[in-house]
Visitor: 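The structure follows.
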Amino acid sequence: MCSLAFQYIEKKKQQTDNSSVLFSEVVCAAPSIYLDFARSLLDPRIGVSAQNCYKVAKGAFTGEISPAMIKDSGADWVILGHSERRHVFGESDELIGQKVAHALESDLGVIACIGETLEEREADTTEEVIYAQTQVIAENVTDWGKVVLAYEPVWAIGTGKTATPEQAQEVHEKLRAWFTANVSDDVADSLRIIYGGSVTGANCRELASQGDVDGFLVGGASLKPEFVDIINARA
């Protein structure tokens, strides 16, 4: 029921000299009943995302929200596979994959979340867990240009603990290598992989300095003035 926001940084080619410049794209992920309000209130340059959706367009699914409803509210993104959906509500990899497929078919951008628990990290199964989660997502993607992958170590969400910049970079680098081996070089190069897990104004610049960290999935800090510092982490 919280309000989430994320920011990620994308490379964009200039038309004049074919060089690359960095710019920030900001998306606010509001609870579903506030999507229309968020869209009407926010600057048009800021995107709006739902925090979840269901896997089909319509039916007797009381309490769920469909991609079509999300689009009717003026939002263009949806977060899927967030750790709380996986570990609090018991959503399986298979269900998350089905949601990804339907959201993309409905022309929504998808922020697909993956990440390991503390027990899985301590058991040295981080790679096994994130690769399995990523595989199911990949099987349901037809257009990678509409997908952002968010690595969020569950042990660092809302705990005050943060993966060190080196830990975040290590996982992001391995994920990019996974895409090279299992999808394509082009997707591996262009896919935006963002980090989520107690990102703050104090640690965002060091995290953003890592070569494979393309931005952030931000929770509590998005509701504070320091969110501006996070948006400008690579400025």
Visitor: Heavy atoms only: give me the nearest Ala30-Leu35 pair and the separation to one decimal.
Guide: O-CD2, 3.7 Å
Visitor: Does a sphere of radius 6.0 Å around OH in Tyr34 hold more than 12 heavy atoms from other residues, nucleotides or ligands, not counting ones at 6.0 Å or beyond?
Guide: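 No, because the 6.0 Å sphere around OH of Tyr34 holds 12 heavy atoms or fewer from other groups.
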Visitor: So, the side chain of Thr134 versus the backbone of Tyr131: is there a donor-acceptor pair under 3.5 Å, distance only?
Guide: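 Here the side-chain-to-backbone pair does not exist.
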Visitor: Applying side chain to side chain contact (heavy atoms under 4.5 Å, CB included) to Lys71 and Asp76, what does each step give before you reach the verdict?
Guide: CA-CA 6 Å; Lys71 290 186 70 68; Asp76 294 313; 4.2 Å; yes
Visitor: Mark yes or no for whether Thr180, through its side chain, and Ala188, through its backbone, hold a donor-acceptor pair below 3.5 Å.
Guide: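 Pair absent, no side-chain N/O of Thr180 close to backbone of Ala188.
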Visitor: Under a single-linkage rule joining Ile, Leu, Val, Met, Phe, Trp and Tyr whose side-chain heavy atoms are separated by less than 4.5 Å, which residues share a cluster with Leu118?
Guide: Trp155
Visitor: Between Gln51 and Pro31, is any pair of side-chain heavy atoms under 4.5 Å apart?
Guide: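 Yes - at least one pair of side-chain heavy atoms lies under 4.5 Å apart.
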Visitor: Taking the side chain as every heavy atom from C-beta outward, state whether Val136 and Ile96 have any atom pair closer than 4.5 Å.
Guide: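 No - every pair of side-chain heavy atoms lies 4.5 Å or more apart.
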Visitor: Evaluate the criterion side chain to side chain contact (heavy atoms under 4.5 Å, CB included) for residue pair Leu217 and Ile79; output intermediate values, then yes/no.
Guide: CA-CA 10 Å; Leu217 180 70; Ile79 296 176; 4.2 Å; yes
Visitor: What's the spacing between Lys55 NZ and Gln98 CD if we round to 0.5 Å?
Guide: 4.0 Å
Visitor: I want to check something: taking the side chain as every heavy atom from C-beta on, are Ser73 and Arg39 in contact at a cut-off of under 4.5 Å?
Guide: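 No; the side chains remain at least 4.5 Å from each other.
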Visitor: Got a donor-acceptor contact below 3.5 angstrom from the Ser198 side chain to the Ala156 backbone?
Guide: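 Checked: pair present.
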Visitor: Compare every heavy atom of Ala221 with every heavy atom of Ile230, then report the nearest pair and how far apart it is.
Guide: CD1-CB, 3.8 Å
Visitor: Does a salt bridge link Arg86 with Glu152, judged by any charged N lying under 4.0 Å from a carboxylate O?
Guide: no
Visitor: Checking the side chain of Asp214 only, and the main-chain atoms of Ile193 only, is there a donor and an acceptor separated by less than 3.5 Å?
Guide: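 Yes; at least one donor-acceptor contact below 3.5 Å.
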Visitor: For a quick test of reading the model, state the closest non-hydrogen atom pair linking Ala112 to Ile137 and the distance between them.
Guide: CB-CD1, 3.8 Å
Visitor: Phe179 vs Trp144 aromatic rings, parallel, tilted or perpendicular, using cut-offs 30° and 60°?
Guide: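 Because their plane-to-plane angle is over 60°, the rings of Phe179 and Trp144 count as perpendicular.
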Visitor: Go through the structure and list residues passing side-chain hydrogen bond (donor to acceptor under 3.5 Å, both in side chains) with Gln135, not counting sequence neighbours.
Guide: Glu139
Visitor: Could you walk me through whether Glu64 and Val56 satisfy the side chain to side chain contact (heavy atoms under 4.5 Å, CB included) test, starting with their C-alpha distance in whole Å, then the side-chain angles of each, then the deciding distance to 0.1 Å, before giving a yes or no?
Guide: CA-CA 10 Å; Glu64 292 290 348; Val56 296; over 6 Å; no
Visitor: Supply the atom-to-atom distance His82 NE2 to Ile157 CD1, rounded to the nearest 0.5 angstrom.
Guide: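 The distance works out to 5.0 Å.
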Visitor: Heavy-atom distance under 4.5 Å between the side chains of Ile130 and Trp178, does that happen here?
Guide: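 No; the side chains remain at least 4.5 Å from each other.
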Visitor: Does Val183 reach the side chain of Leu191, with side-chain heavy atoms less than 4.5 Å apart?
Guide: no
Visitor: Counting N and O atoms only, with roles assigned by atom type, does the side chain of Arg234 sit under 3.5 Å from a partner on the main chain of Ala208, one being a donor and the other an acceptor?
Guide: yes
Visitor: Looking at every non-hydrogen atom in both residues, tell me the closest pair between Gly220 and Lys224 and how far apart they are.
Guide: O-CG, 3.9 Å
Visitor: Donor-acceptor pair, distance only, cut-off 3.5 Å: does the side chain of His102 make one with the backbone of Tyr54?
Guide: no
Visitor: Under the rule for salt bridge (charged side-chain N to carboxylate O under 4.0 Å, His left out), what residues qualify as partners of Asp107, not counting sequence neighbours?
Guide: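 In terms of salt bridge (charged side-chain N to carboxylate O under 4.0 Å, His left out), with neighbours along the sequence ignored, Asp107 is linked to Lys146.
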Visitor: Which residues pass the side-chain hydrogen bond (donor to acceptor under 3.5 Å, both in side chains) test with Lys174, not counting sequence neighbours?
Guide: Glu127, Glu170
Visitor: Quick one: are Ile70 and Ile65 in side-chain contact, heavy atoms under 4.5 Å?
Guide: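 They are in side-chain contact.
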Visitor: What heavy-atom pair brings Gly196 and Pro153 nearest, and what distance separates the two atoms?
Guide: O-CD, 3.4 Å
Visitor: Answer yes or no on whether Arg85 is positioned over the face of Phe89, meaning its NZ or CZ is under 6.0 Å from the six-membered ring centre and within 45° of the axis.
Guide: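 Relative to the ring axis of Phe89, which defines the angle, Arg85 lies inside both limits.
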Visitor: Could you give the distance from CG (Asn232) to CZ (Phe227), rounded to the nearest 0.5 Å?
Guide: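 Here the interatomic distance stands at 10.0 Å.
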Visitor: Taking salt bridge (charged side-chain N to carboxylate O under 4.0 Å, His left out) as the definition, give me every residue that meets it alongside Asp43, ordered by chain and number, with sequence neighbours left out.
Guide: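 In terms of salt bridge (charged side-chain N to carboxylate O under 4.0 Å, His left out), with neighbours along the sequence ignored, Asp43 is linked to Arg45.
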Visitor: Val78 versus Pro67: any side-chain heavy-atom pair under 4.5 Å?
Guide: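 Side-chain contact under 4.5 Å: no.
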Visitor: Looking only at atom types and distance, does a side-chain atom of Ser92 sit under 3.5 Å from a main-chain N or O of Leu95, one as donor and one as acceptor?
Guide: yes
Visitor: What distance do Leu207 atom CG and Phe216 atom CZ have between them, rounded to the nearest 0.5 Å?
Guide: 5.0 Å
Visitor: State yes or no: do Val129 and Val171 share one hydrophobic cluster built from I, L, V, M, F, W and Y residues joined by side-chain heavy-atom distances below 4.5 Å, directly or via other members?
Guide: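 They do not share one cluster, since no chain of ILVMFWY contacts under 4.5 Å joins Val129 to Val171.
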Visitor: Which distance, rounded to the nearest 0.5 Å, do you find between the CG of Leu175 and the NE2 of His172?
Guide: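 Between atom CG of Leu175 and atom NE2 of His172 there are 7.0 Å.
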Visitor: Any idea which heavy atoms bring Val199 and Cys204 closest together, and the distance?
Guide: CG1-CB, 4.2 Å
Visitor: Using only heavy-atom distances, determine whether the side chains of Gln133 and Asp93 contain a donor-acceptor pair under 3.5 Å.
Guide: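 There is no such pair (donor and acceptor under 3.5 Å, judged by atom type) between the side chains of Gln133 and Asp93.
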Visitor: According to salt bridge (Lys or Arg N to Asp or Glu O under 4.0 Å), does anything in residues 109-123 pair up with another residue at least two apart or in another chain? List the pairs.
Guide: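 Counting only pairs at least two positions apart or across chains, the salt bridge (Lys or Arg N to Asp or Glu O under 4.0 Å) contacts touching residues 109-123 are Glu116-Arg121.
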Visitor: Indicate yes or no: at least one non-hydrogen side-chain atom of Ile194 is less than 4.5 angstrom from one of Val148.
Guide: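 Ile194 reaches Val148 side chain to side chain.
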Visitor: Roughly how far apart are Ile111 CD1 and Leu80 CG, rounded to 0.5 Å?
Guide: 8.0 Å
